[in-house]
Number of protein chains: 2
Amino acid sequence: MSGPDGKAGNGLSKQRLRLWVNLLRTTRLIEADLREEMRTAYRTTLPRFDVLSALERHAGGLLMGELSRHLMVSNGNVTGIVERLVSDGLVERLAVEGDRRAILVRLTQAGAAAFAAMAAEHEDWVDRRLAAIGHDEAQTVIDTLSSIREDRP
Amino acid sequence: MSGPDGKAGNGLSKQRLRLWVNLLRTTRLIEADLREEMRTAYRTTLPRFDVLSALERHAGGLLMGELSRHLMVSNGNVTGIVERLVSDGLVERLAVEGDRRAILVRLTQAGAAAFAAMAAEHEDWVDRRLAAIGHDEAQTVIDTLSSIREDRP
DNA sequence: GGATTTTATTTCAAGTATAAATTATATAAA
DNA sequence: TTTATATAATTTATACTTGAAATAAAATCC
């Protein structure tokens, strides 16, 4: 399974591994930068920002499960983050008419305001961090990444 | 700072944000797959694999701090992961001649063997996960990601 | 209608992660 | 020397993260 003729272990396999390592290193590097900005400028964390961001894109609110799927993190994880956001007054939980299992999570006014302030600067940070990349170059990478995500068994 | 004419908030800035979101989502998706494979096939985790992998590439061993920099995670984090690997017998800590603060971490024979078994399959998983990508397409993305990493203030 | 299964969420234990504080050692400067 | 500063690693407190088990409510089956 790893000789020069096997399905893996050949040049293409190694190249794909290089791509994965590059993907991972670059993402971690940018994440570390963004986390640092979040921490120093807003005393908050990336996961909290991600939750607010997802809720901002869904004005009507999201169920816990939808939130978990959007963020691609586990159910139990979201419970904890939302809990802290609720106690900070940025987010509220609402009962769902007709399904007493479900819980709708929504930005409060304070949460929407806090997010708006952060979002503009966040875009700015990303813009600076990716300053070396032009529109078309970005599009090329976006297309490749999309094709990776869509190619799931 | 976010009108259509500002340095951010324009089309290019939005495109870079899209690129970042794509980067993050794709990396998380692949990471989740790999974590699942690691867990079911080897009862281990990605961070442990990453440590073994770094040590395998440095036969002479690495200092805790070097390990932390290689993996781009915090110092205290490495302490914990190495601790568990030591108690599993996969890694050993050695005193450093001439510097009593430092600790050299190295694979044991068992650790090297365990890693070798995992590494081949890991490459295979990545190969399958990125099956949609050809050599040149991968290279294009690698180049872009490298230019991002190198463009640091 | 009642039993079964599925769905939505929380709880739990273990592990991963950070930043800040601490310990111990090394190096430089006075 | 003595003092000051820097470096290597750990410890601590808190937060994030997962997978599995537990709860509770809804939907489906018979």
Side-chain angles (χ1 to χ4, degrees), chain A residues 24 27-29 31-52 54 61-88 90-91 93-105, chain B residues 24 27-29 31-52 54 61-88 90-91 93-105:
Chain A
L24 193 54
T27 301
R28 283 198 186 164
L29 199 56
E31 259 190 317
D33 286 355
L34 293 180
R35 175 171 43 246
E36 172 71 7
E37 305 269 26
M38 283 288 162
R39 190 178 63 84
T40 58
Y42 293 104
R43 315 238 163 263
T44 190
T45 65
L46 227 32
R48 280 159 120 103
F49 179 81
D50 290 342
V51 167
L52 297 182
L62 285 172
L63 302 182
M64 292 298 283
E66 293 174 331
L67 200 42
S68 154
R69 278 188 293 281
H70 271 285
L71 304 175
M72 294 196 282
V73 300
S74 69
N75 254 340
N77 187 4
V78 174
T79 297
I81 298 171
V82 165
E83 220 160 62
R84 287 180 283 270
L85 289 173
V86 166
S87 69
D88 289 349
L90 302 181
V91 146
R93 306 173 196 216
L94 299 143
V96 173
E97 187 100 13
D99 189 341
R100 289 190 298 170
R101 295 168 303 179
I103 290 186
L104 194 70
V105 185
Chain B
L24 193 55
T27 301
R28 281 196 187 167
L29 199 56
E31 259 190 316
D33 285 357
L34 292 181
R35 175 170 45 244
E36 171 71 6
E37 305 270 25
M38 282 287 161
R39 190 177 63 83
T40 57
Y42 291 105
R43 317 239 160 261
T44 191
T45 65
L46 227 32
R48 281 158 118 102
F49 179 80
D50 290 342
V51 167
L52 297 182
L62 286 171
L63 301 182
M64 291 298 283
E66 293 174 330
L67 200 42
S68 154
R69 278 188 294 279
H70 271 284
L71 303 176
M72 295 196 281
V73 299
S74 69
N75 251 342
N77 187 6
V78 174
T79 297
I81 299 172
V82 165
E83 220 159 62
R84 286 180 282 271
L85 288 173
V86 166
S87 69
D88 289 349
L90 301 182
V91 146
R93 308 174 194 215
L94 297 143
V96 173
E97 188 100 12
D99 191 339
R100 287 190 298 169
R101 295 168 304 179
I103 291 186
L104 194 69
V105 184

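Letters go in sequence order (proteins before strands), and every chain restarts at 1.
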Item to complete: Kindly write out the residues that satisfy side-chain contact (heavy atoms from CB on, under 4.5 Å) with B:Leu29, not counting sequence neighbours, or none if the list is empty.
Response: A:Met72, A:Arg149, A:Arg152, B:Arg129
Worksheet item: Among all residues two or more places apart in sequence or in another chain, which pass the salt bridge (Lys or Arg N to Asp or Glu O under 4.0 Å) test with A:Arg101?
Response: A:Asp99
Discussion item. Using the side-chain contact (heavy atoms from CB on, under 4.5 Å) criterion, which residues pair with A:Arg93? Sequence neighbours excluded.
Written reply: A:Val82, A:Glu83, A:Val86, A:Ile103
Worksheet item: Who passes side-chain hydrogen bond (donor to acceptor under 3.5 Å, both in side chains) against B:Glu36, sequence neighbours left out?
Response: B:Arg39
Discussion item. Each nucleotide in nucleotides 12-21 of chain C should get exactly one letter: B, S or -. Can you fill that in based on protein heavy atoms under 4.0 Å?
Written reply: ---SBSBSS-
Acceptor/donor pairs from residues 73-81 of chain B side chains to any protein atom, 3.5 angstrom cut, sequence neighbours excluded:
{"residue": "B:Ser74", "atom": "OG", "partner": "B:Asn77", "partner atom": "N", "Å": "3.4"}
{"residue": "B:Thr79", "atom": "OG1", "partner": "B:Asn75", "partner atom": "O", "Å": "3.4"}

Discussion item. Any residue in residues 93-101 of chain B with a heavy atom nearer than 4.0 angstrom to DNA chain C? Just list them by number, or reply none.
Written reply: B:Gly98, B:Asp99, B:Arg100, B:Arg101
Item to complete: List for me each residue that meets side-chain hydrogen bond (donor to acceptor under 3.5 Å, both in side chains) alongside A:Thr45, sequence neighbours excluded, and say none if there are none.
Response: none
Worksheet item: For DNA chain C, what is the dot-bracket line, given that a base pair needs Watson-Crick (N1 to N3, plus N6-O4 or O6-N4) or G-U wobble (N1-O2 and O6-N3) geometry with both distances under 3.5 Å, and | means paired with another strand?
Response: ||||||||||||||||||||||||||||||
Discussion item. Please identify the 5'-most and 3'-most nucleotides of DNA chain D with any atom under 4.0 angstrom from a heavy atom of chain A.
Written reply: D:dA15 to D:dA26
Discussion item. Holding to side-chain contact (heavy atoms from CB on, under 4.5 Å), I want the full list of residues that pass it with B:Arg69, two or more places apart in sequence or in another chain.
Written reply: B:Glu66
Practice prompt. Using the test side-chain contact (heavy atoms from CB on, under 4.5 Å), find all partners of B:Thr44 that sit at least two apart in sequence or belong to another chain.
Written response: B:Met38, B:Tyr42, B:Arg48, B:Met118
